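The structure presented is a predicted model; accordingly, all values stated were derived computationally and were not measured. Both backbone and side-chain heavy atoms feed into the values below; hydrogens, waters and symmetry mates do not. FYI, the numbering just counts along the sequence from 1.
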Amino acid sequence: MNEEKIIVMDMGNLKGDESLERPTLCLGIESSCDETSAAIVDSNRNILSHIIYSQIPEHQKFGGVVPELAARAHILAIDEVIKQTLERAGKTIVDIDVVAATAGPGLIGGVLVGWMAATGIAHATGKPLVAVNHLEGHALVPRLCATVADGTNGSTAVEFPYLLMLASGGHCQILLVRGVGQYELIGQTLDDSAGEAFDKVAKMLGLGYPGGPVVDKRAQGGNPKAFKFPRPLCDKPGCDFSFSGIKTAARTFLDKNPAPHSEEFINDFCASFQSSVVDCIINRLGNAMQDQRVINAAPKTLVVAGGVAKNSAIRSAMEKLAADNGMIFAAPPMNLCTDNGAMIAWAGLENYKIGNIVKEPIAPRPRWPLTEL
Ligand code: KG4
Ligand code: ZN
């Protein structure tokens with residue numbers, strides 16, 4: 001592996017709760033898409049080390065993740081990533097109490113690599129093993145570390161139940177999170193995910209992969225009212241999403257107005273597209289807050305998670321929505337939004353605490369809805 005490509009995430013001075021007892025240490029491994037990542041997290045919310053090897057440069061020339069290449073890259077990277085994670089925490093495998101890895105959903109070739117590594121370590125050392133649902137990693141990471149409206153680490157504010165907007169490259173769901181393993185689906189996309197819409201529109205504009213970060217950046221310099229994009233389903237009741245219409249509108253408009261485009265055009269296009277996504281999210285979340293199941297559960301916190309949670313416009317619109325409805329808004333710090341090992345280690349700890357460890361061999365799953373936990 002080209003070691004220059006290993007990006008060591010600097011977690012700054014993230015420090016969790018103090019405790020007199022020795023905290024439980026979890027090694028978490030993530031390999032479900034295009035990041036090979038591992039982290040050591042303790043039960044006092046400290047991230048002792050966190051390594052992410054991003055494959056993005058390897059997939060960029062193809063305009064998206066190539067599953068076979070991803071699986072091979074995970075195989076080449078995984079041992080080094082785990083070794084460096086232990087070294088940077090000043091630990092050996094003997095010091096670890098629990099091993100956790102993503103067991104799905106995701107690109108199965110990649111999932112298998114991380115899962116087999118974790119299984120091997122657990123068998124060789126006799127340590128307990130947790131099969132983490134990748135979506136649960138995203139869903140629970142705000143309880144490890146979150147920024148609340150006043151800018152402080154508000155992970156303790158993220159108590160069950162909370163209302164979650166889970167938006168990543170592969171998923172777009174509104175969930176009522178009642179506890180570890182207890183997810184009630186309030187709404188979901190009927191077609192594309194929000195992340196997919198960002199990626200596809202960026203591709204149409206020739207902005208490269210992944211699309212979310214660059215569209216977000218371009219949008220900051222553009223006029224969100226310059227172009228008219230549809231707001232699918234927003235005139236209908238319910239909490240489901242549809243993003244394919246927004247994508248088609250973008251395609252149709254660009255076919256009529258082909259490249260080359262001015263910088264101003266691209267910025268305005270990104271801002272207008274993004275504002276339609278934001279409006280859809282806010283409209284659907286507004287409906288979710290009126291859903292009887294949500295009213296009965298009375299969640300205090302509105303949370304955003306998944307790669308799309310990095311989006312500045314989505315974060316600020318959700319923060320306002322929460323404030324307007326008397327709720328606290330919480331989001332993971334930027335580097336815990338996209339795929340990472342720390343969220344898997346934390347979900348591993350949360351599951352370990354309730355005794356949810358692997359007792360018999362399991363098969364990793366390419367599809368694994370949260371509601372099946
Ligand atoms: O959670 P994630 O890392 O991977 C999956 O589990 O799918 O999410 C990746 C997605 C990509 O679609 C990427 O374009 C999107 O998150 N993303 C963003 C931003 N940063 C990443 N979307 C909108 N705005 C961003 N700033
Ligand atoms: Zn993800």
Side-chain angles (χ1 to χ4, degrees), residues 9 11-19 22-32 35 37-52 81-82 85-86 88-89 91 95-104 106 114-115 118 122 127-148 153-160 162 164 166 168 175 177-183 301 303-307 309 330-358 370 373:
M9 305 292 284
M11 300 309 299
N13 57 355
L14 174 66
K15 201 149 161 29
D17 315 327
E18 298 287 342
S19 165
R22 182 175 105 54
T24 309
L25 285 189
C26 181
L27 168 68
I29 300 170
E30 157 61 29
S31 63
S32 69
E35 272 95 17
S37 179
I40 296 172
V41 173
D42 76 20
S43 51
N44 287 339
R45 295 189 167 94
N46 295 298
I47 300 176
L48 279 62
S49 62
H50 190 190
I51 306 264
I52 296 185
V81 166
I82 294 171
T85 303
L86 287 163
R88 281 177 185 268
K91 302 287 176 195
D95 303 315
I96 302 298
D97 300 300
V98 191
V99 183
T102 300
W115 179 248
K127 311 270 179 193
L129 175 67
V130 179
V132 174
N133 178 303
H134 177 85
L135 300 171
E136 185 163 49
H138 282 300
L140 295 180
V141 77
R143 288 165 51 79
L144 166 64
C145 185
T147 311
V148 291
N153 178 0
S155 54
T156 46
V158 187
E159 280 172 8
F160 301 125
Y162 52 93
L164 173 68
L166 177 53
S168 68
L175 295 148
V177 183
R178 294 183 187 274
V180 178
Q182 297 173 46
Y183 301 91
T301 314
V303 178
V304 66
M334 293 297 186
N335 54 8
L336 296 184
C337 289
T338 33
D339 294 347
N340 66 85
M343 71 180 194
I344 302 304
W346 178 253
L349 281 169
E350 294 241 48
N351 274 282
Y352 177 68
K353 222 170 15 181
I354 59 166
N356 193 7
I357 58 172
V358 172
L370 271 180
L373 283 182

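In this structure, the side chain of Asn44 does not engage the main chain of Asn46 through any donor-acceptor pair within 3.5 Å. Looking at Arg143, its side chain never comes within 3.5 Å of a backbone N or O of Arg45 through a donor-acceptor pair. Put simply, the side chain of Ser31 gets close to the backbone of Gly114: a donor and an acceptor are under 3.5 Å apart. Side chain of Asn340 to main chain of Leu336: a donor-acceptor pair is present (N/O by atom type, distance under 3.5 Å, no hydrogens or angles).
Residue Leu144 comes nearest to Ile47 through the heavy atom pair CD2-CD1, 3.9 Å, listed as atom of the first residue, atom of the second, then distance. Ala146 and Ala330 make their closest contact through CB-CB, 4.2 Å (heavy atoms, listed as atom of the first residue, atom of the second, distance).
Glu35 pairs by the side-chain hydrogen bond (donor to acceptor under 3.5 Å, both in side chains) definition with nothing, not counting sequence neighbours. Listed by chain and residue number, Val304, Arg315, Phe329 satisfy the side-chain contact (heavy atoms from CB on, under 4.5 Å) test with Ala331 (two or more places apart in sequence, or in another chain). The side-chain hydrogen bond (donor to acceptor under 3.5 Å, both in side chains) search around Asn351 returns Glu136, Asn356, not counting sequence neighbours. Partners of Asp97 under the salt bridge (charged side-chain N to carboxylate O under 4.0 Å, His left out) rule, at least two apart in sequence or in another chain, are Arg22. Every residue meeting the side-chain hydrogen bond (donor to acceptor under 3.5 Å, both in side chains) condition with Asp339, not counting sequence neighbours, appears here in chain and number order: His134, His138. Not counting sequence neighbours, the partners of Tyr162 by the ring-ring contact (aromatic ring centres under 6.0 Å, His included) test are Phe160.
Taken from CE in Met343 to OG1 in Thr102, the straight-line distance is 6.0 Å, to the nearest 0.5 Å. Annotation: the span from Asn133 atom CG to Tyr183 atom OH amounts to 7.5 Å, rounded to 0.5 Å. The CG atom of Leu48 lies 5.5 Å from the CG atom of Asp42; values are rounded to the nearest 0.5 Å. Considering CG of Leu349 and SG of Cys26, their distance stands at 4.5 Å, rounded to 0.5 Å. With rounding to the nearest 0.5 angstrom, the CG atom of Leu27 is 12.5 Å from the NZ atom of Lys91. Rounded to the nearest 0.5 Å, atoms CG (Leu370) and CG (Leu135) are 4.5 Å apart.
Taking the side chain as every heavy atom from C-beta outward, Tyr352 and Val180 never approach each other to under 4.5 Å. Side-chain contact between Thr85 and Ile40: present, with at least one pair of heavy atoms (C-beta onward) separated by less than 4.5 Å. Looking at Ile96 and Leu86, their side chains come closer than 4.5 Å, going by heavy atoms from C-beta outward. For the pair Thr301 and Val148, the minimum side-chain heavy-atom distance is 4.5 Å or more. Looking at Ser37 and His50, their side chains come closer than 4.5 Å, going by heavy atoms from C-beta outward.
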